[in-house]
Amino acid sequence: MQRLILVTSLLLLFINCKQQPAIPTGLVTENAMVVSAREEASRIGSEIMEKGGNAFDAMVATELALAVAYPFAGNLGGGGFMVYRKNTGDIGAIDYREKAPLSAHKDMYLDSLGNVVPDMSTVGATAVGVPGTVAGVMEVHKKFGSLPLSDIMKPVIALAKKGLIVTEKQAKRLESYRERIVSVNGDSTKFANVYKAGDTIKYPALAKTLEKILEKGRDGFYTGEVAKKLATFIQEKGGFVTEEDLTKYEAKWRQPIVFKYKDLSIISMSPPSSGGATINQIFKMVEPYNISEYGHNSVKSVQLFTEASRRAYADRNYFLGDPDFVDIPLGELLSDSYLKERMKNFSFDKATLSSDVSHGEVEIVESSETTHYSIIDSEGNAVSATTTLNGGYGSKLYSDELGFFLNNEMDDFSAKPGIPNMFGLIGAEANSIAPEKRMLSSMTPTIVEKDGKLFLVVGTPGGSTIITAVAQTILNVYEFNLSMQEAVNAPRFHHQWLPDLISFEEEGFSDEIKAELKQKGYKIHEGRNRIIGKVDAIRVLPDGSLEGGADKRGDDTAVGF
Ligand code: GLY
């Protein structure tokens with residue numbers, strides 16, 4: 001009897017130990033936190049909350065501060081998505097994605113023979129979509145802001161005037177992009193200068209544009225002097241965005257995608273981002289398996305995740321687009337019966353071939369230079385926002401007069417849809433170009449509830465790898481019991497259906513694991529592998545304090561109080 005009691009107690013102890021959340025290894029704060037790509041931006045957001053602002057005020061401040069502190073991806077000339085969860089449990093999302101200009105048409109990037117014109121949708125003014133960021137943050141402030149706009153924007157304008165110290169990583173990035181920036185803008189442009197680590201870069205032109213926005217709100221950017229200068233500049237450089245395009249731009253409130261994974265409720269971005277739908281499919285295909293028992297980044301867990309991703313990305317490419325323009329069969333794509341059927345031919349014995357998985361025929365070639373920030377305020381309101389210029393420094397087109405880079409988001413459309421796939425289906429039509437349409441995105445700002453309470457705020461840059469990086473980070477915390485910081489730093493891998501390859505980050509996956517996967521028929525991306533995502537996330541600990549996960553792959557920093 002005594003032995004039975006001892007065994008039962010040990011068993012209970014073991015179960016309890018297993019359920020204990022991981023000890024935090026990232027920054028822990030009591031009340032509020034911002035995690036973003038630059039310390040200066042996180043600090044401005046955090047200070048707004050210390051002054052009594054809420055998470056939405058901090059969102060406006062952080063987004064605009066990233067336009068100053070992180071011009072590589074932070075922006076006034078791009079767009080993004082934000083998902084929120086208020087402390088009441090109310091959830092929502094805003095879409096401030098760029099739009100195609102009014103003059104856009106399906107074949108605008110094709111030559112007379114129907115071939116894609118190289119660079120036209122990626123470099124310079126022809127690649128620019130109508131920017132959405134300023135409309136997005138102003139709309140958030142109008143609906144949820146608690147502090148006057150001047151309290152929020154003054155520190156950002158001061159930062160632009162005072163300037164920022166160039167980090168080692170930033171100096172490297174600037175150097176590697178300098179030639180391309182010069183080829184678009186000429187050699188008298190601001191970023192033709194060589195900036196070394198430790199130098200200070202000031203942004204007086206950007207400060208002036210921000211002052212106009214502070215004075216007139218949304219109209220300070222989309223109408224009047226700034227709009228006129230911006231449209232004239234883009235058109236003089238051969239682009240399509242007009243003053244009318246700018247005047248007509250509006251951010252849109254959307255219903256986020258919400259789904260259950262065990263006792264989690266995951267809230268993520270709906271179309272025109274593919275993020276929420278694709279992550280939903282991946283999680284639901286993984287859910288019936290006991291992934292935690294397979295071990296973190298083990299052969300079996302890599303296989304399971306890869307096969308779920310392969311199937312989810314095949315659907316993503318074929319079905320998803322701007323919901324204001326195309327009917328997306330989301331109900332069916334996300335139904336349990338459909339996803340069960342999708343995994344029916346999965347076996348741990350050997351890889352499924354992507355050529356045996358319908359739909360679509362288009363490889364995703366997306367730029368990875370976006371940026372994400374996560375915020376929780378002292379009341380428990382949470383904001384998850386991902387914002388982008390698409391490529392690093394967007395189209396490279398920089399307005400020296402207005403002080404910011406313009407996006408090359410037009411490249412996220414399918415420039416040449418209509419090619420029948422192996423099943424005779426017309427691929428990527430859903431994401432073809434049309435006037436005022438939003439291009440499909442992979443951005444996946446996400447919030448996770450556990451047992452009905454706020455648990456994680458998470459997101460990342462990384463183009464098509466965003467979705468897998470966010471999903472792996474959530475699994476790292478929930479299934480593999482890593483701390484937030486460990487979950488963010490952990491090595492990642494990626495599969496997106498086409499090309500039929502698993503990419504692994506350089507560190508963290510042994511030759512044995514790769515050999516075993518190859519033996520089962522998986523093809524592995526050989527050669528230099530880039531980093532996969534730069535995740536910035538927050539975990540709510542059982543006592544209500546917050547643990548930041550600021551990705552070690554960048555200059556990302558958590559700041560809070
Ligand atoms: N431009 C990257 C994305 O929207 O996913």
Side-chain angles (χ1 to χ4, degrees), residues 37 63 66-67 70-83 93-100 109 121-123 127-133 136 251-252 254 256-257 268-279 282 309 312-313 316-317 320-323 362-373 384-397 405-415 428 430-431 433 437-446 458-471 494 496-497 530-536:
E63 176 96 26
L66 283 167
Y70 194 60
F72 182 68
N75 66 82
L76 297 189
F81 299 100
M82 183 271 272
V83 171
I94 189 163
D95 158 1
Y96 48 103
R97 182 69 162 165
E98 298 93 323
K99 282 171 41 167
Y109 295 113
S121 66
T122 52
V123 183
V128 179
V130 186
T133 294
K252 291 195 167 180
R254 305 250 186 219
I257 299 264
S268 192
M269 193 62 217
S270 46
S273 180
S274 61
T278 310
I279 209 174
I282 293 174
S309 302
Y313 275 83
R316 177 237 187 249
N317 288 15
L320 302 187
D322 183 343
V362 178
E363 287 186 20
I364 314 175
V365 184
E366 271 183 18
S367 302
S368 53
E369 295 88 356
T370 297
T371 192
H372 174 85
Y373 53 95
S384 185
T386 313
T387 182
T388 192
L389 287 165
N390 195 19
Y393 306 104
S395 61
K396 323 298 177 255
L397 183 66
F405 282 98
L406 275 308
N407 68 80
N408 59 348
E409 216 71 62
M410 290 300 286
D411 194 54
D412 271 354
F413 281 116
S414 315
N431 190 31
I433 306 171
K437 191 174 173 184
R438 282 147 147 95
M439 53 295 281
L440 187 63
S441 169
S442 294
M443 291 191 275
T444 315
T446 300
V458 54
T460 182
S464 57
T465 69
I466 288 177
I467 298 162
T468 42
V470 169
H494 175 72
Q496 59 175 45
W497 180 57
R530 295 186 314 171
I531 59 162
I532 296 175
K534 268 195 269 165
V535 180
D536 284 335

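Hydrogens, waters and symmetry mates play no part in the numbers below; they use all other heavy atoms, side chains included. In each ligand, atom 1 is the first atom listed, and ligand 1 is the first ligand listed.
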Should you measure from each heavy atom of [X], which atoms of ligand 1 turn up under 4.0 Å away?
X: Ser442; value: 3 (C), 4 (O), 5 (O)
X: Met443; value: 3 (C), 4 (O), 5 (O)
X: Asn390; value: 1 (N), 2 (C)

**OP:** Consider every N or O of Thr370 and every N or O of ligand 1, then say whether any pair is closer than 3.5 Å.
**Re:**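 Among all N and O atoms of Thr370, none is under 3.5 Å from an N or O of ligand 1.
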Original post:
Residues in ring pair (Phe, Tyr, Trp, His ring centres under 6.0 Å) with Tyr70, at least two apart?
Top reply: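 Here the qualifying residues are Phe72.
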Original post:
With sequence neighbours excluded, what pairs up with Phe405 under the ring pair (Phe, Tyr, Trp, His ring centres under 6.0 Å) test?
Top reply: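 So Phe405 forms a ring pair (Phe, Tyr, Trp, His ring centres under 6.0 Å) with Phe191, Tyr393, Tyr398.
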**OP:** Give a yes/no verdict on whether any heavy atom in Glu409 is under 4.0 Å from an atom of ligand 1.
**Re:**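 It does; at least one heavy atom falls under 4.0 Å.
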Subject >> Aromatic contact, Tyr313 with His494 (centres under 6.0 Å) >> reply: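 Between His494 and Tyr313, which both carry aromatic rings, the centre distance is below 6.0 Å.
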**OP:** Classify the contact between Arg97 and ligand 1 as side chain, backbone, both or neither, using a heavy-atom distance cut-off of under 4.0 Å.
**Re:**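 The answer is the side chain of Arg97.
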Original post:
With Asn75, which of Thr133, Thr388, Thr370, Asn390 fulfils side-chain hydrogen bond (donor to acceptor under 3.5 Å, both in side chains)?
Top reply: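 Option passing the side-chain hydrogen bond (donor to acceptor under 3.5 Å, both in side chains) with Asn75: Thr133.
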Subject >> Ion pair Asp322/Lys252, N-O distance below 4.0 Å >> reply: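 Answer for the salt bridge query: no.
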